[in-house]
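These notes concern the structure reproduced below.
Counting begins at 1 with the first residue of the sequence.
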Amino acid sequence: MTRLIVTTDSATAGAIQQAGLADRVIAIDRRLVWGPLPTAAEREAFFAPRATQPHGVHWLDDTPRWRLDESGAKDRGLIELFAECDSVELWMGPEPNAQLLLLWLLDYCGSGKSAVSKLVMRQLDLSVGGVDAERLATLNPPTVKLTQDHLDLAGRAWRAYRAPTPQDWFDLLKADLNLLPQLGQCVLGVLEELPNVTTGLGAMETRILELIAPGGVQPFDVFPGDQKRNERRIFGYWEVGALLNGLARCPVPALSGLEEARSRSTCTTIRSVTHGTSSRVCRLLNSEGRCWQGKKISSVTTRSIAGGAARF
């Protein structure tokens, strides 16, 4: 009996492989909380058998080649590989990007009925990438057999996330999301990163400035992580770095000291910069709803940040 586990980051896949929990382990480490979303054609190419797709745009690219060769999964398409396995388990963590990958994958699988019949979801309450193999082997996350109702909900949520405005995504808060129990928190997390009507800042940017405000803070201190003061988990390392850079380099900077920190071998501190309400930082949707553009609205300066809530 061939057991396949699909998860959403390479560290988790490596831990599962080392614990010997499956015959095949595949990581799909695509970032969906940041930047433009893949088109329908790009998704087809992403999950299709390997042909001419360049590295980085195929679903097997985040799994080491030796693991693919060893398991016989090299160059396979997702539906094709699912069909070859006796069971397929989706190990999904609570992080918003993991939940978005779950929606994306289930929406795609809706077209492959034979593959859907084998799908089982295991919702994780923690990230298992840092868990040792011995402890991981004893974990037994709750198993949920996926049905058409799960796929319908995932499809609705994915279409809402792809919509040009956040209204459909917001409306999910009024829906029954119990079939995907971690989706509700994902919806809230993404909405919190939209610009605040008063400050124009998302929740991660606000938290960064809160951590900097007391002073004596080095850049790495504001990044999220285990036992870190920044408890928000929606964005990854490079994405938070881009937000931090945006706060320092926008037309009305919200912090200073980042340039000095970059130019030295040891990090210096970064400082918050206060402005009057007439020059507060704000963002504006462009006509396509895909990124923020730096513009002037009365006395409010808007600035450019790529990715994140710029999805809408």
request  = Test Leu103 against Leu153 for side-chain contact (heavy atoms from CB on, under 4.5 Å), laying out the working first.
outcome  = CA-CA 9 Å; Leu103 301 180; Leu153 176 57; over 6 Å; no
key: Residues Lys228, Asp221; criterion salt bridge (charged side-chain N to carboxylate O under 4.0 Å, His left out); working and verdict   = CA-CA 7 Å; Lys228 300 289 288 291; Asp221 295 335; over 6 Å; no
task = Determine, stepwise, if the pair Phe223 / Ile208 fulfils side-chain contact (heavy atoms from CB on, under 4.5 Å).
result = CA-CA 8 Å; Phe223 282 77; Ile208 288 173; over 6 Å; no
inquiry  = The test is side-chain contact (heavy atoms from CB on, under 4.5 Å); show your working for Cys186 and Asn97 and say whether it passes.
reply    = CA-CA 8 Å; Cys186 170; Asn97 196 73; over 6 Å; no
key: Candidate pair Glu70 and Arg24, rule salt bridge (charged side-chain N to carboxylate O under 4.0 Å, His left out), full reasoning   = CA-CA 9 Å; Glu70 190 176 86; Arg24 295 170 170 174; over 6 Å; no
query = Where do Glu89 and Thr7 land on the side-chain contact (heavy atoms from CB on, under 4.5 Å) test, with the steps shown first?
reply = CA-CA 8 Å; Glu89 298 181 9; Thr7 187; over 6 Å; no
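In this structure the side chain of Arg207 reaches within 4.5 angstrom of the side chain of Glu231, judged on heavy atoms. The side-chain heavy atoms of Thr8 and Trp91, taken from C-beta on, include no pair separated by under 4.5 Å. Met92 is not listed as a side-chain neighbour of Leu124, based on a closest heavy-atom distance of 4.5 Å or more. Between Leu32 and Trp158, the closest side-chain pair of non-hydrogen atoms falls below 4.5 Å. Side-chain contact check for Val25 versus Thr12: every heavy-atom pair is 4.5 Å or farther apart. You'll find the side chain of Met121 stays beyond 4.5 Å of the side chain of Pro142, heavy atoms only. Counting only heavy atoms from C-beta outward, the side chains of Pro181 and Gln123 approach each other to under 4.5 Å. For the pair Leu201 and Leu247, the minimum side-chain heavy-atom distance is below 4.5 Å.
A donor-acceptor contact shorter than 3.5 Å links the side chain of Gln53 to the backbone of Ala45. Of the possible polar contacts, none joining the Glu193 side chain to the Val190 backbone as a donor-acceptor pair under 3.5 Å is found. For Asn230 (side chain) and Val222 (main-chain N/O), a donor-acceptor pair under 3.5 Å exists by modelled atom type. Not one N or O on the side chain of Lys74 forms a donor-acceptor pair closer than 3.5 Å with the backbone of Arg65. A distance-only check finds no donor-acceptor pair linking the side chain of Asp62 to the backbone of Ser10 [under 3.5 Å]. Remark: side-chain polar atoms of Lys118 are paired, donor with acceptor, to backbone N or O of Ala83 under 3.5 angstrom. Judged by distance alone, with hydrogens and angles left aside, the side-chain atoms of Glu42 form a donor-acceptor pair with the main-chain N or O of Thr39 at under 3.5 Å. For Gln99 (side chain) and Pro94 (main-chain N/O), no donor-acceptor pair under 3.5 Å exists by modelled atom type. Counting only distance, with no hydrogens or angles, the side chain of Glu84 and the backbone of Leu81 share no donor-acceptor pair below 3.5 Å.
Residues Arg233 and Pro96 approach most closely at O-CD, 4.1 Å, considering heavy atoms. Closest of all the heavy-atom pairs between Asp168 and Ala163 is OD2-CB, 4.0 Å. Minimum interatomic distance between Trp104 and Pro38 (heavy atoms only, all atoms of both residues): CZ2-CG, 3.4 Å. Minimum heavy-atom separation, Leu172 to Ala160: CD1-CB, 4.1 Å. Closest of all the heavy-atom pairs between Arg156 and Ala175 is NH1-CB, 3.5 Å. Scanning both residues, Gly236 and Glu239, for their nearest heavy atoms gives N-OE1, 2.6 Å.
Atom CG of Leu37 is separated from atom CZ of Arg43 by 11.0 Å, given to the nearest 0.5 angstrom. Remark: Trp169 CH2 to Leu191 CG distance equals 7.5 Å, nearest 0.5 Å. The line from CG of Leu209 to CG of Leu243 is 10.5 Å long, rounded to the nearest 0.5 Å. Interatomic distance, SG of Cys109 versus CG of Leu78, reported as 5.0 Å (0.5 Å rounding). Note that the CZ atom of Phe82 and the OG atom of Ser117 stand 11.5 Å from one another [nearest 0.5 Å]. Here Leu255 contributes atom CG and Ile212 contributes atom CD1; the two are 4.5 Å apart, rounded to the nearest 0.5 Å.
Between Phe235 and Trp34, the two ring planes are perpendicular [angle over 60°; tilted spans 30° to 60°].
In this structure, a donor-acceptor pair under 3.5 Å is present between the side chains of Arg122 and Thr143.
Among Val88, Leu106, Val120, the single residue meeting the side chain to side chain contact (heavy atoms under 4.5 Å, CB included) criterion with Leu146 is Leu106. For the side chain to side chain contact (heavy atoms under 4.5 Å, CB included) with Thr63, the qualifying choice from Ile26, Val6, Ile28, Asp29 is Ile26, the only one to do so.
Atom CH2 of Trp66 sits in a crowded spot, with more than 12 heavy atoms from other residues, nucleotides or ligands closer than 6.0 Å. With a 6.0 Å radius and a threshold of 12 heavy atoms from other residues, nucleotides or ligands, Gln185 has its CD atom at or below the threshold. In Phe170, the CZ atom is not crowded: 12 or fewer heavy atoms of neighbouring residues, nucleotides or ligands sit closer than 6.0 Å.
Centroid-to-centroid, the aromatic rings of Trp59 and Tyr108 stay 6.0 Å apart or farther.
Relative to the ring axis of Phe46, Arg30 places its NZ or CZ within 45° and under 6.0 Å from the centre.
Between Arg50 and Asp61 a salt bridge is recorded (basic side-chain N to carboxylate O distance below 4.0 Å).
At a threshold of 4.5 Å between side-chain heavy atoms, the hydrophobic network of Ile, Leu, Val, Met, Phe, Trp and Tyr places Val57 and Ile79 in two separate groups.
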